[in-house]
There are 2 protein chains.
Amino acid sequence: MTQGRASFSEQLADDIVQLIRSESLGPGDVLESSRDLAKRFAVTTPTVREALRRLEATGVVELRHGSGTYIGPGLERSVLANPHRPHITRASVIELVQARLVIEPGIAALAASARDAAGLQRLEAAAATALQPPVHGVRPALNFHVELAAASGNGLLRETVEALLHVRAPEQTEIRFRYDDRRRDHAEHLEILAAVRDGDGAAAERLTRTHLTTIRESLETADFGGAAS
Amino acid sequence: MTQGRASFSEQLADDIVQLIRSESLGPGDVLESSRDLAKRFAVTTPTVREALRRLEATGVVELRHGSGTYIGPGLERSVLANPHRPHITRASVIELVQARLVIEPGIAALAASARDAAGLQRLEAAAATALQPPVHGVRPALNFHVELAAASGNGLLRETVEALLHVRAPEQTEIRFRYDDRRRDHAEHLEILAAVRDGDGAAAERLTRTHLTTIRESLETADFGGAAS
DNA sequence: TCATGGAAGTGACTAAATCACTTAGTGATT
DNA sequence: AATCACTAAGTGATTTAGTCACTTCCATGA
């Protein structure tokens, strides 16, 4: 890096990550209280808070008022979506679909060749619940694509797709809810699922490409210029 | 929702982002001093610092001791690499190459069809400097792939490749420096460049796949079990 | 012209409190 | 016996006030 020495809070954030690793803490576990952390590392509470805020921004920890500091899912992630992203535009939505169109067909092909029983089961479950409305912030309609990437066996690909789908997730769901045919989506998901189950990589790739192309076209024809509200 | 109201610092982080947008500040510009921000939003300095630390973690701002708070490149980014990632293993490096093998050939094909003069020029510059050693944290050898993605015209694809290459970047460079044939890499880059210049998407896709396959094989045969140091 | 030095402005951190929320335990009520 | 309301302890959230360290810049002097 350009800076030789890091600030206290930056150093402290690394130390806390190291502490989490050395104690083998996983998502959901409780971290030491901020007061104890302050004592342990011989700094004051505001400094600890800065370090924790930093870690919170990338999902490594989660601070719950009155309860404690908990380990989040961010520790094992390599790539993530920026929580502060630019406003949505028509172009940005289409850009996203085009990016997915480049990336996801290859993932589908890989998933068809690398599938296993557990992955197939999760994929089937995701396809089955795709028509249910979003609850608790989880969007079943998008979950199928994440599980498809997970079935490829490559964690980085899963994270990449997850991050891309997290980009402007609320607006994406809103738009698909208004302009997309979810029954057709579901039918296409089932076709992809069948191809993956049969181990037919070429078909999975082709079907995924068709699926995303259909979505892109429905977005391109739809006029949502004033749909920002 | 799970939590109805956000904490002060979380709300404040959003407000600061909004302030940056409303004043049309870009990377390199100076943000208001933390004391002034505290006055403007009627909170105290530690709270401001927490919000800034949060934004710093995702690259939205950069705090320089004694100088000021500067806008960083993170504001316009949608997907980024996690600064606190797990330790490197042999499997994780190969996983990364496999992920790139799925994603980048399609990007090369898109770049060949969407290329323009400016993009080609940047791509040529990246290829020309690829043999130079890393300086100031910039790794010319990896830059070619980022510029290739940029030439596709899709910003999200560029960010995705950039984030993937940022994952374990130092270790990656180290490994390639030790086990990879950089002259061969360079020759293959030039081939890809020629295909993109000719607008031959199929060739660009094939050459990129070959290029990454070669890298993967050289990593699989290399024994870097004890190269963690 | 150029180096020196110091003042002003900035972020970094400390210190001691108080406030607000969650949780679990306790006891009374049903 | 089961349930509910209350209480107390532990936790994060925020404030207030102040000191320290770094950077920048400009005036000063050689």
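These numbers were taken from a predicted model, which means no experiment stands behind them. So that the names make sense, note that chain A is the first sequence line, chain B the second, and so on, each numbered from 1.
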Would you tabulate the nitrogen or oxygen pairs shorter than 3.5 Å linking the protein to nucleotides 7-9 of chain C?
residue, atom, partner, partner atom, Å
C/dG9, N2, B/Gly66, O, 3.0

Please verify the inter-ring angle class for B/Phe144 with B/His189; under 30° counts as parallel, over 60° as perpendicular, anything in between as tilted.
parallel
Sequence-distant partners of A/Glu56, side-chain contact (heavy atoms from CB on, under 4.5 Å), two or more places apart:
A/Arg53, A/Val61, A/Leu63, B/Arg54
Interatomic distance, B/Leu12 CG vs D/dA13 P [rounded to whole Å]
14 Å
Distance-only donor-acceptor test, B/His65 side-chain atoms vs C/dA12 base atoms, 3.5 Å
no
Nearest nucleotide by nearest heavy atom, which residue falls closer to the 5' end of DNA chain C, A/Ser9 or A/Arg64?
A/Ser9
Taken in chain and number order and not counting sequence neighbours, the residues that satisfy salt bridge (Lys or Arg N to Asp or Glu O under 4.0 Å) with B/Glu147 are B/Arg122
Note, A/Ser33 side chain near A/Thr69 side chain (heavy atom, < 4.5 Å)
no
Could you pull out all residues at least two apart from B/His186 that satisfy side-chain contact (heavy atoms from CB on, under 4.5 Å)?
B/Ala130, B/Leu131, B/Leu190
I'd like to check the salt bridge (Lys or Arg N to Asp or Glu O under 4.0 Å) partners of B/Glu188; sequence neighbours left out, ordered by chain and number.
none
Residue set satisfying salt bridge (Lys or Arg N to Asp or Glu O under 4.0 Å) with A/Arg115, at least two apart, ordered chain then number -> none
A/Ala151: partners by side-chain contact (heavy atoms from CB on, under 4.5 Å), with sequence neighbours left out:
A/Ala111
For C/dT30, give its Watson-Crick or G-U wobble partner with both distances under 3.5 Å, or none.
D/dA1
Length of the line joining A/Tyr70:OH and D/dG12:P, which is rounded to integer Å:
9 Å
Sorted by chain and number, sequence neighbours left out, side chain to side chain donor-acceptor pair (under 3.5 Å) with B/Arg40 holds for B/Glu32
Of the residues in residues 34-57 of chain B, which ones touch DNA chain C at a heavy-atom distance under 4.0 Å?
B/Ser34, B/Arg35, B/Arg49, B/Arg53
Round to a whole Å and report the spacing from CD of A/Glu62 to P of C/dC21.
17 Å
Please report the distance, rounded to the nearest Å, between CD in A/Gln11 and P in C/dC13.
11 Å
Within residues 21-29 of chain B, the residues having a heavy atom closer than 4.0 Å to DNA chain C are none
Taking only residues at least two apart or on different chains, which pairs with a member in residues 13-29 of chain A satisfy side-chain hydrogen bond (donor to acceptor under 3.5 Å, both in side chains)?
A/Gln11-A/Asp15, A/Asp14-B/His84
According to side-chain hydrogen bond (donor to acceptor under 3.5 Å, both in side chains), does anything in residues 154-164 of chain A pair up with another residue at least two apart or in another chain? List the pairs.
A/Arg158-A/Glu162
